[in-house]
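See below for the structure under consideration.
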Amino acid sequence: MKKLDKLILMSFWGPFLVTMSVVVFIFLMKIMIFYIDDFVSKDLGIWDYSRLFFFFSLITVPTALPLAMLLSSLMAFGNLGEFFELTAIKSAGISVVRAMAPLFIVAVAISIFSFFFNDRISPWANLKGYSLLYDIKTTKATLKIKEGIFYNDLPGYSIKVDKKMADAQSMKGMVIYKHDNRSYEHGNTQIILADSGKMYTINENSNLVIELFNGTMYSEDNDNGGRPAYIVSPVGQAPPAHTKFTRNIFDHYKLIESLSSFGMKRTDEGQFKYHEFMKNINDLNHTSDSIRTSYDETKKNLLPNSQQYFSYNYKQGTDKTLKPGKWIDSLLAKPVTDSLKKEILTNAKSSAASMQSYVKSNADYLQAKMKDASKYELEKHHKYTQALSCLVMFLIGAPLGAIIKKGGFGVPVLVSVLFFILLYVLINQGDKWVKEGLVIVPVGAWMANTILFLAGMYFIDRARSDSRLFDKDVYQMRIKRIKSFIASRFGKTPLINS
């Protein structure tokens with residue numbers, strides 16, 4: 001390897017690794033901010049969050065690679081141009097395209113790596129990450145009792161305290177409603193009032209202990225055949241004799257309840273495998289082929305299945321198939337009474353309505369099938385397009401760096417973000433057109449890479465000819481020329497008096 005290639009590669013790998021780390025960190029912060037409400041107040045260990053961030057770091061790698069490739073190649077050639085090293089390279093008879101050769105090989109290698117990463121690692125990371133995220137989101141919050149507000153997350157209880165002490169266990173003025181499994185019928189049948197109490201966990205946080213001091217327990221035994229006990233009896237009538245009220249005064253009362261419902265429970269990952277992000281190319285091909293086979297079979301059976309919505313009157317002696325002939329005209333020419341005409345009209349309307357409903361339901365079903373098939377095929381194409389976007393971003397970044405001649409994290413970051421946003425917008429627009437049925441899947445999937453590839457070819461051509469595409473004075477001179485042309489052409493034109 002020549003010293004020039006080593007110089008270019010050394011100026012590339014530093015920004016590339018830094019950009020990858022920064023982009024992955026930004027995407028993780030985005031996920032953290034978006035799901036912050038689902039993370040707080042969950043009694044989860046650092047191991048659970050570490051696994052979640054690890055899986056989502058892997059998920060963001062395919063998205064971060066194109067941006068890192070664009071920014072690092074732009075910075076590498078921008079630094080060479082800013083310190084006149086690129087000028088020295090050209091003066092030695094080495095073209096810009098030859099100088100890009102080592103990074104082009106690196107870009108091809110990164111694209112190949114990105115493809116296999118998308119096909120093998122990304123589906124696994126998506127499955128693990130999103131299933132773990134679902135389990136964290138569905139995990140109940142730990143006991144966070146606030147003063148003066150009823151806490152209802154503990155199954156079977158509603159708890160309110162007037163004041164919490166500094167030790168976070170002792171409390172003053174406690175009100176506890178106990179609910180059984182038929183509380184929606186009977187109402188609150190047991191109420192506990194206590195002057196003070198304590199709440200703490202035992203057995204490695206698997207059980208909750210509620211100790212109450214100096215209180216009263218009110219309970220109601222309802223045995224009225226399922227009728228709510230809280231219905232007020234009519235005026236002048238005594239309440240039912242079978243309703244029993246009990247009051248118990250205590251100095252010390254202890255409750256022990258299980259906290260098993262608060263722990264995180266792992267969901268079967270097979271429930272998430274239907275999503276296209278959880279599948280590799282072979283699985284996507286199999287799923288889309290199955291959907292299209294079902295689509296074709298449904299479409300082929302539309303006509304035979306629609307025969308049930310029609311009633312035909314056949315000529316006697318025939319083979320019970322509808323055929324053209326004079327007998328149809330003779331049937332139409334027969335006189336029809338008003339009652340029979342009304343019946344025929346009613347039957348015709350009913351058949352037409354049934355047929356319309358049949359057509360609409362099948363059209364919606366076929367449209368949904370086609371959308372599902374397009375969704376899986378689109379994801380399959382994105383396995384390729386997302387990998388090749390690394391190469392496309394290099395074809396844009398390297399010549400732009402040679403043209404702009406600015407290194408560092410100033411102008412290169414701005415230009416990189418603009419082109420990355422353009423890539424993101426074009427990808428989403430193509431996906432939208434595919435899902436709406438406006439374009440076929442390959443056109444929508446490859447639209448972004450095609451447009452940006454042509455832009456990269458244009459920038460390479462400009463870099464080869466030492467174009468001053470982004471120099472301000474070039475455009476100032478052109479504006480002056482246009483102004484002088486307008487002044488020379490129209491400035492001495494005599495005014496025409498009306």
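Position 1 is the first residue of the sequence; numbering continues from there.
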Checking the side chain of S114 only, and the main-chain atoms of S111 only, is there a donor and an acceptor separated by less than 3.5 Å? no

F420 atom CZ, neighbour heavy-atom count above 12 within 6.0 Å: yes

I'd like to know whether E436 forms a salt bridge (Lys or Arg N to Asp or Glu O under 4.0 Å) with K371, so could you lay out the CA-CA distance, the side-chain angles of the two residues, the decisive distance to 0.1 Å, and finally the verdict. CA-CA 8 Å; E436 292 176 353; K371 284 184 176 181; over 6 Å; no

Once rounded to the nearest 0.5 Å, what's the spacing between atom CG of L395 and atom CG of L388? 10.5 Å

Quick check: closest heavy atoms across F77 and A402, and the distance to 0.1 Å? CB-N, 3.8 Å

Atom CE of M10 with >12 non-hydrogen neighbours under 6.0 angstrom: no

Candidate pair N248 and Y218, rule side-chain contact (heavy atoms from CB on, under 4.5 Å), full reasoning: CA-CA 7 Å; N248 294 317; Y218 301 90; over 6 Å; no

Is any side-chain heavy atom of K160 less than 4.5 Å from a side-chain heavy atom of Y177? no

Beyond-backbone contact of N285 with Y376, side-chain heavy atoms, under 4.5 angstrom: no

For F55 and Y130, I'd like to know if the aromatic rings sit close, meaning centre-to-centre distance below 6.0 Å. no

So, E147 side chain and K164 main chain: donor-acceptor pair closer than 3.5 Å or not? yes

Side chain proximity check, K360 to Q356, heavy atoms < 4.5 angstrom: no

Non-hydrogen side-chain atoms of F12 and V106 separated by less than 4.5 Å: yes

Determine whether the aromatic ring centres of residues W446 and Y384 are separated by less than 6.0 angstrom. no

Should the pair F104 and F394 be assigned to parallel (<30°), tilted (30 to 60°) or perpendicular (>60°) ring geometry? tilted

Between Y200 and L208, does a side-chain contact (heavy atoms from CB on, under 4.5 Å) hold up when you go through it step by step? CA-CA 6 Å; Y200 53 90; L208 173 69; over 6 Å; no

Looking only at atom types and distance, does a side-chain atom of S354 sit under 3.5 Å from a main-chain N or O of S350, one as donor and one as acceptor? yes

Write down the atom of M447, the atom of W433, and the distance for their closest heavy-atom approach. SD-CZ3, 3.5 Å

For side-chain contact (heavy atoms from CB on, under 4.5 Å), just list the numbers for N428 and K432, CA-CA rounded to whole Å, side-chain angles, deciding distance to a tenth of an Å, and then say yes or no. CA-CA 6 Å; N428 282 274; K432 180 182 177 183; over 6 Å; no

From I421 atom CD1 to L67 atom CG, the distance as rounded to the nearest 0.5 Å: 10.0 Å

Please say whether more than 12 non-hydrogen atoms of neighbouring residues, nucleotides or ligands are located less than 6.0 Å from NZ in K369. yes

Going through the distances and angles, do L65 and F16 end up as a side-chain contact (heavy atoms from CB on, under 4.5 Å)? CA-CA 9 Å; L65 280 175; F16 180 80; 3.8 Å; yes

If you define the side chain from C-beta out and look only at heavy atoms, does anything of V209 sit under 4.5 Å from L255? no

Would you compute the distance between atom NZ of K172 and atom CE of M165 and round it to the nearest 0.5 angstrom? 6.0 Å

Could you tell me whether H252 atom NE2 has more than 12 heavy atoms of other residues or ligands within 6.0 Å of it? yes

Can you give me the closest heavy-atom contact between M393 and L70, atom names plus distance? O-CD1, 3.4 Å

So which atom in L52 and which in L132 form the shortest heavy-atom distance, rounded to 0.1 Å? N-CD2, 3.6 Å

Check: A353 main-chain N/O paired with S357 side-chain donor or acceptor under 3.5 Å: no

Can you tell me how far OG of S288 sits from NE2 of H286, rounded to the nearest 0.5 angstrom? 9.5 Å

Considering only heavy atoms from C-beta outward, does the side chain of S374 approach that of R292 to under 4.5 Å? yes

For the atom pair CD1 (I26) and OG1 (T63), what is the distance rounded to the nearest 0.5 Å? 12.5 Å

Quick check: closest heavy atoms across V392 and F453, and the distance to 0.1 Å? CG1-N, 3.7 Å

Does I281 offer a backbone N or O that forms a donor-acceptor pair with the side chain of D119 under 3.5 Å? yes

F25, CZ atom: more than 12 neighbouring heavy atoms under 6.0 Å: no

Hey, are the side chains of K279 and T287 touching, using non-hydrogen atoms and a 4.5 Å cut-off? yes

Mind listing the closest non-hydrogen atom pair of M174 and V161 along with its distance? CG-CG1, 3.8 Å

Can you tell me how far CH2 of W13 sits from OG of S72, rounded to the nearest 0.5 angstrom? 8.5 Å

Side-chain touch P399/M100, heavy atoms, less than 4.5 angstrom: yes

Are the ring centres of Y253 and F250 closer than 6.0 Å? yes

Side chains of H382 and N118 only: does a donor on one sit below 3.5 Å from an acceptor on the other? no

Is it true that a side-chain atom of N449 and a backbone atom of T385 form a donor plus acceptor pair closer than 3.5 Å? yes

Ignoring hydrogens and angles, tell me if any N or O in the side chain of T19 forms a donor-acceptor pair with the backbone of P15 under 3.5 Å. yes

